[in-house]
Amino acid sequence: MNTIMKTKIFSIAAMGLATLGLASCGEDFLEVQSKTEGTTGNYYTSESAASRALIGCYDGWQRTVSNGPTFAFHYLSELCADECFGGTGNNDARNSAVVDRFDMGEDNSQQNLHNTLWTSYYAAIYRVNQLIVSSDQITFSSDAAKGQLIGEARAMRGILYFDLLRVFENIPLLTEPSSENIPQANPDDVYKVVFEDLKYAAENIPADAYPKSASSTNDGRITRWAAKAMMARAYLFYTGVYGKEPAGVTKAEVLQELEDIVASGEYSLIPLYKNLWYCASTHWEGSNATGWKEVSTYAGEDNAENILTMKFNYTSDYNGNAGGNNAIQMFSVRGGTFKAPYGQGWGGATVPKNFVESFPSGDQRKEASIIDLVGEGIAGTTEYQNALTDQREYTGYFNKKYTARSAYHQSATGSWSLTHYWDGLMAGDFQISQAIGYTLIRYADVLLMAAELGSSNAQSYLNAVHNRAYTTQNADGTLNVPNSTIALNKENIMEERRLEFAFEGIRYWDLLRQGVNVAAAAIVASGENVLNGGQEGTVSFKAENITSKRGFQQIPLTQIQLSNGVLKQNAGW
């Protein structure tokens, strides 16, 4: 691929660099070197500059969510799975139904659903490519420093391409900063880059970079261990979907990468499952008359189990400054703020009743994962009954792990009220300023992937995850930890994954890698009766809608048109 031979001027949005205006050329048309702006020709010369450029890359990655795509990757992953319906407002566009049911017949006008997602991902890839290709002209303090910085960048590129491959499969491959109009690559060629990038990161990011003991210095950085874990996830998906080994990596290598994570001692399971999630581990005590107190045992986003978390902030505004988790409100309860710690949202991704009832008795993951509007006394309030008239595909259940938050807030006059957490305490906007991070990989996933790949410790890994799910706490703080053993087989490992990672954007890809027919059957089986605006309705799926598309999404029509037909639409769409 040829790099565009044109000097690029960085903007603050592109690379996080403060720049001033470029002096205009005189009538002699001589090129004048700017002394106030960074360009691709003069910027990448020092390690400190490269470090700032890497921050710009992380910003680009963050913007794949904070730019506000209608279906950010995590939200899209949930709508495609059998653990969520489309939901949203009763009078909203049926774009959620198109994605949820893989059916353009729900709304034929929705042919550009993923354009913002597509453009945001390729903008992020452009930033990373610029840093990578410029690395040879940068003076680094050591080979280790270069390995860490470029390792993070390459791991990021690998993750970005892996997301695009899972969503669209057929995508252009750019490994240099280019805006060439090129056709879609063979998926094998893109996966080759994914594995090369993740292997480079696993080998070159120092093992002691961003240790958990100093997690405050990480703030969402990609570590060696995160690269190793993501490589295993990509390997399992590729081998499942394509039925062959990918180029450049073997099963034995991937398993060893997972065992390395275990042996590092950097991570461990949080003893009580609920403490992984703020809303599952937090409640409020008091009243508006006496005042309120937050009571929480939340372990935090940088806890000992979380290996990679995509971070956000609450400083987003409507002037182009994006940094918040713009997808969280889609998961959240529609119609208002009814009970802390749950905040207001748009009512997407409602949870099927049959999924709720599939949790075995005593499994603590059920309550930690699902908001039960009836059981928690929300659905019975007059306020919520009024809001229900605007909710489509109501089941009574929502995602508790990833939901907007609310809090009791005391005003300057001393009165207490329930308000959006970010509005009341941090002056953000609940629609765009959610700072809730997405945990992409947990240690539990490492254990279950290693078990699936045939680790000699597979039984103990599976037991550890399973028994944690049934661990409870006594009034005195001591824990009741089971010591049970479950049969070690693929079926039980996949079932454990289904319950362990509910609503974490993993389930659909686990289904698809078992075969598109397996995915279609599970999704069809999730259909049931619901309420639409208070009226009875049915969510039904057709297997052929999923299998005809092989489980992948539509290429945005805008991108096909801009390419003058160089890009081709995916089969079935």
- Note on the structure: With sequence neighbours left out, the residues meeting side-chain hydrogen bond (donor to acceptor under 3.5 Å, both in side chains) with Thr116 are none
- Looking at side-chain heavy atoms only, is the closest gap between Ile546 and Val516 below 4.5 Å? yes
- Hits for side-chain hydrogen bond (donor to acceptor under 3.5 Å, both in side chains) against Gln554, two or more places apart or cross-chain, chain-then-number order -> none
- Heavy atoms only: give me the nearest Phe168-Ile171 pair and the separation to one decimal. CB-CG2, 3.7 Å
- Task: Mark yes or no for whether Ser120, through its side chain, and Leu117, through its backbone, hold a donor-acceptor pair below 3.5 Å.
- Result: no
- Return the set of residues passing ring-ring contact (aromatic ring centres under 6.0 Å, His included) with Trp61 (not counting sequence neighbours), or none when no residue passes. none
- Query: Would you find a donor on one side and an acceptor on the other, under 3.5 Å apart, between the side chain of Thr350 and the backbone of Glu393?
  - Reply: yes
- For the residue pair Glu367 and Lys274, establish whether any side-chain heavy-atom pair is separated by less than 4.5 Å. no
- residues 506-527 vs ring pair (Phe, Tyr, Trp, His ring centres under 6.0 Å), sequence neighbours excluded, gives Phe73-Trp509
- Is a donor on one side and an acceptor on the other found under 3.5 Å between the side chain of Tyr161 and the backbone of Leu174? yes
- Item | For Tyr443, all residues meeting ring-ring contact (aromatic ring centres under 6.0 Å, His included), sequence neighbours excluded | none
- Message: I'd like to know if Lys311 and Asp302 make a salt bridge, using a cut-off of under 4.0 Å between side-chain N and carboxylate O.
- Response: yes
- Residue that, paired with Thr439, satisfies side-chain hydrogen bond (donor to acceptor under 3.5 Å, both in side chains) out of Asn303, Asp445, Asn306: Asn306
- Message: With a sphere of 6.0 Å drawn around CG of Asp143, does it hold more than 12 non-hydrogen atoms of other residues, nucleotides or ligands?
- Response: no
- Do Thr282 and Thr297 have side-chain heavy atoms sitting under 4.5 Å apart? no
- Regarding Gln434 and Tyr402, is there a side-chain donor-to-acceptor distance under 3.5 Å anywhere? no
- Sub-6.0 Å ring centroid separation between Trp346 and Phe331: no
- Message: Show me the pairs that pass ring pair (Phe, Tyr, Trp, His ring centres under 6.0 Å) and involve residues 467-492, at least two apart or across chains.
- Response: His466-Tyr470
- Message: Quick test of your reading: applying salt bridge (Lys or Arg N to Asp or Glu O under 4.0 Å), list the pairs with at least one residue in residues 449-465, sequence neighbours left out, ordered by first then second residue.
- Response: Glu452-Lys490, Glu452-Arg513
- Please answer whether the main-chain N or O of Val374 pairs with a side-chain N or O of Asp372 as donor and acceptor at a distance below 3.5 Å. yes
- Taking side-chain hydrogen bond (donor to acceptor under 3.5 Å, both in side chains) as the test, write out the residues that go with Gln459, two or more places apart. Asn463
- Message: I'd like to know if the side chain of Glu78 reaches the main chain of Tyr75, judged simply by a donor and an acceptor atom lying under 3.5 Å from each other, with no hydrogens or angles considered.
- Response: no
- Message: Using a 3.5 Å distance criterion without hydrogens, assess whether the side chain of Asn67 forms a donor-acceptor pair with backbone atoms of Thr64.
- Response: no
- Item | Expected output: side-chain Asn325 to main-chain Ile436 donor-acceptor under 3.5 Å | yes
- Task: Go through the structure and list residues passing ring-ring contact (aromatic ring centres under 6.0 Å, His included) with Phe162, not counting sequence neighbours.
- Result: none
- side-chain hydrogen bond (donor to acceptor under 3.5 Å, both in side chains) partners for His114, two or more places apart: Gln553
- Among pairs that include at least one residue of residues 498-509, which meet salt bridge (Lys or Arg N to Asp or Glu O under 4.0 Å), considering only residues two or more places apart or in two chains? Asp82-Arg507, Arg365-Glu500, Lys401-Glu504, Arg442-Glu500, Arg442-Glu504, Arg468-Glu500, Glu495-Arg498
- Query: Parallel, tilted or perpendicular for Phe355 and Phe503, by the 30°/60° rule?
  - Reply: perpendicular
- Note on the structure: ring-ring contact (aromatic ring centres under 6.0 Å, His included) filter on Tyr238, not counting sequence neighbours, yields Tyr191, Tyr242
